[in-house]
**Q** 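Structure incoming, see below.
All values reported here derive from a predicted model rather than from experimental measurement. FYI, the numbering just counts along the sequence from 1.
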Amino acid sequence: MSFNIVLVEPEIPNNTGNIGRLALASGAKLHLIKPFGFELDDKRLKRAGLDYWPHLDLHLYDSLDDFLEQHGDKNLILFSSHASKNHWSIPYEDEQFLVFGKESVGLPPSLLSRYEEHLYKIPLYSEHVRSLNLANAVGIAVYEGLKHI
């Protein structure tokens with residue numbers, strides 16, 4: 001049983017480090033799509049991921065196009081605050097790709113329109129919050145998925 005956590009152009013090393021730790025803890029693979037807002041040897045990334053980072057099943061891609069060439073036909077689930085369906089209605093399955101955008105702007109509009117039927121959000125119950133922290137959103141999605149499968 002495993003998910004694929006996909007981060008499109010992550011910007012904050014602490015988030016990526018925490019998500020790496022979460023990936024390892026949950027048995028997921030971590031896919032990182034360049035460009036990053038940091039270097040992979042950033043001490044903040046390593047500190048957030050602790051000494052777990054070398055044990056990750058980590059996959060790197062030079063671009064979103066590179067990732068889509070390899071996995072665009074797979075079972076992709078995209079997360080966006082602009083989605084109309086919430087994450088409780090995701091038909092979770094083993095080996096799914098859970099795709100998250102960069103912290104500042106989310107996923108690119110071209111990707112959202114291409115996979116419109118696979119677009120979900122984590123509901124927010126305050127008008128004062130635009131989005132959740134990326135690491136929190138990934139944690140919510142992954143463990144909700146594990147509950148279902």
Side-chain angles (χ1 to χ4, degrees), residues 1-38 40 45-46 48-125 129-149:
M1 179 167 62
S2 177
F3 286 119
N4 294 277
I5 299 169
V6 182
L7 304 182
V8 179
E9 301 178 8
E11 299 169 314
I12 301 174
N14 305 58
N15 281 338
T16 302
N18 283 319
I19 293 166
R21 187 187 322 185
L22 172 76
L24 187 60
S26 64
K29 300 173 186 87
L30 181 60
H31 302 258
L32 301 178
I33 300 172
K34 295 178 182 177
F36 309 142
F38 53 86
L40 284 181
L45 175 87
K46 301 295 185 192
L50 296 175
D51 55 347
Y52 307 125
W53 200 254
H55 305 290
L56 274 174
D57 188 349
L58 179 64
H59 304 264
L60 303 174
Y61 305 88
D62 289 327
S63 68
L64 182 56
D65 288 339
D66 182 26
F67 171 81
L68 291 173
E69 282 177 25
Q70 295 180 50
H71 302 292
D73 62 340
K74 307 269 176 54
N75 188 353
L76 304 181
I77 299 294
L78 284 67
F79 289 85
S80 171
S81 60
H82 304 292
S84 57
K85 300 179 284 189
N86 73 46
H87 75 293
W88 292 306
S89 62
I90 294 172
Y92 283 103
E93 296 177 9
D94 194 27
E95 296 299 323
Q96 272 178 325
F97 287 75
L98 307 177
V99 183
F100 299 85
K102 63 172 129 181
E103 290 91 340
S104 62
V105 296
L107 294 168
S110 60
L111 190 64
L112 297 177
S113 62
R114 178 174 174 178
Y115 292 97
E116 190 173 359
E117 294 300 313
H118 303 269
L119 194 57
Y120 296 87
K121 67 180 177 183
I122 297 170
L124 302 173
Y125 298 101
V129 177
R130 288 183 303 281
S131 63
L132 294 173
N133 170 276
L134 180 60
N136 290 337
V138 173
I140 289 167
V142 167
Y143 277 91
E144 179 70 17
L146 289 174
K147 180 176 84 171
H148 288 272
I149 61 171

**Q** Using 30° and 60° as the class limits, which term best fits the ring planes of Tyr92 and Phe3: parallel, tilted or perpendicular?
**A** perpendicular
**Q** Nearest heavy-atom pair of Ser26 and Leu146: which atoms, and what distance?
**A** CB-CD1, 3.9 Å
**Q** Report the C-alpha separation of Ser81 and Arg130 in whole Å, then their side-chain angles, then the decisive distance to 0.1 Å, and conclude whether the side chain to side chain contact (heavy atoms under 4.5 Å, CB included) test is met.
**A** CA-CA 8 Å; Ser81 60; Arg130 288 183 303 281; over 6 Å; no
**Q** Enter the distance from Ser80:OG to Lys85:NZ here, rounded to the nearest 0.5 Å.
**A** 12.0 Å
**Q** Just wondering, are more than 12 heavy atoms of other shown residues or ligands nearer than 6.0 Å to CD in Gln70?
**A** yes
**Q** Between Glu11 (side chain only) and Ser104 (backbone N and O only), is there a donor and an acceptor less than 3.5 Å apart?
**A** yes
**Q** Hey, does His87 have a side-chain heavy atom less than 4.5 Å from the side chain of Pro123?
**A** yes
**Q** Any idea which heavy atoms bring Ile33 and Leu64 closest together, and the distance?
**A** CG2-N, 3.4 Å
**Q** Using side-chain heavy atoms (C-beta onward) and a distance below 4.5 Å, is Ile90 in contact with Leu98?
**A** no
**Q** For Asn75, run the side chain to side chain donor-acceptor pair (under 3.5 Å) check against Glu93, His118, Glu95 and tell me which one passes.
**A** Glu93
**Q** Drop me the distance from Phe100's CZ to Ile77's CD1, to the nearest 0.5 angstrom.
**A** 10.0 Å
**Q** Can you tell me how far apart NZ (Lys147) and CH2 (Trp88) are? Round to the nearest 0.5 Å.
**A** 9.0 Å
**Q** With side chain to side chain contact (heavy atoms under 4.5 Å, CB included) as the test, would you mind laying out the steps for Val6 and Leu76 before giving the verdict?
**A** CA-CA 10 Å; Val6 182; Leu76 304 181; 5.8 Å; no
**Q** So, taking the atom named NE2 in His82 and the one named OG in Ser131, what distance separates them when rounded to the nearest 0.5 Å?
**A** 9.0 Å
**Q** For the residue pair Ala135 and Asn18, what are the closest heavy atoms and their distance?
**A** CB-CB, 4.1 Å
**Q** Where do Gly27 and Ser2 come nearest, in terms of heavy atoms and distance?
**A** O-OG, 2.9 Å
**Q** Run through Leu30, Leu7, Asn133 and flag the one making a side chain to side chain contact (heavy atoms under 4.5 Å, CB included) with Val138.
**A** Leu7
**Q** Mind listing the closest non-hydrogen atom pair of Ala137 and Leu132 along with its distance?
**A** CB-CB, 4.4 Å
**Q** Decide yes or no for Asn136 and Ile122: does some side-chain heavy atom of the first lie under 4.5 Å from some side-chain heavy atom of the second?
**A** no
**Q** Can you tell if the side chain of Phe38 reaches within under 4.5 Å of the side chain of Pro10, non-hydrogen atoms only?
**A** yes
**Q** What's the spacing between Leu107 CG and Glu9 CD if we round to 0.5 Å?
**A** 9.5 Å
**Q** Could you tell me the separation between the CD atom of Gln96 and the CD1 atom of Ile5, rounded to the nearest 0.5 Å?
**A** 12.5 Å
**Q** Aromatic rings His31 and His71: how do their planes relate, parallel, tilted or perpendicular, breaks at 30° and 60°?
**A** perpendicular
**Q** Hey, does Asn4 have a side-chain heavy atom less than 4.5 Å from the side chain of His59?
**A** no
**Q** Is Tyr115 reaching over with its side chain to a backbone N or O of Gly72, donor-acceptor style, under 3.5 angstrom?
**A** yes
**Q** For the side chain to side chain contact (heavy atoms under 4.5 Å, CB included) test, which of Leu134, Leu56, Val142 pairs with Ile19?
**A** Leu134
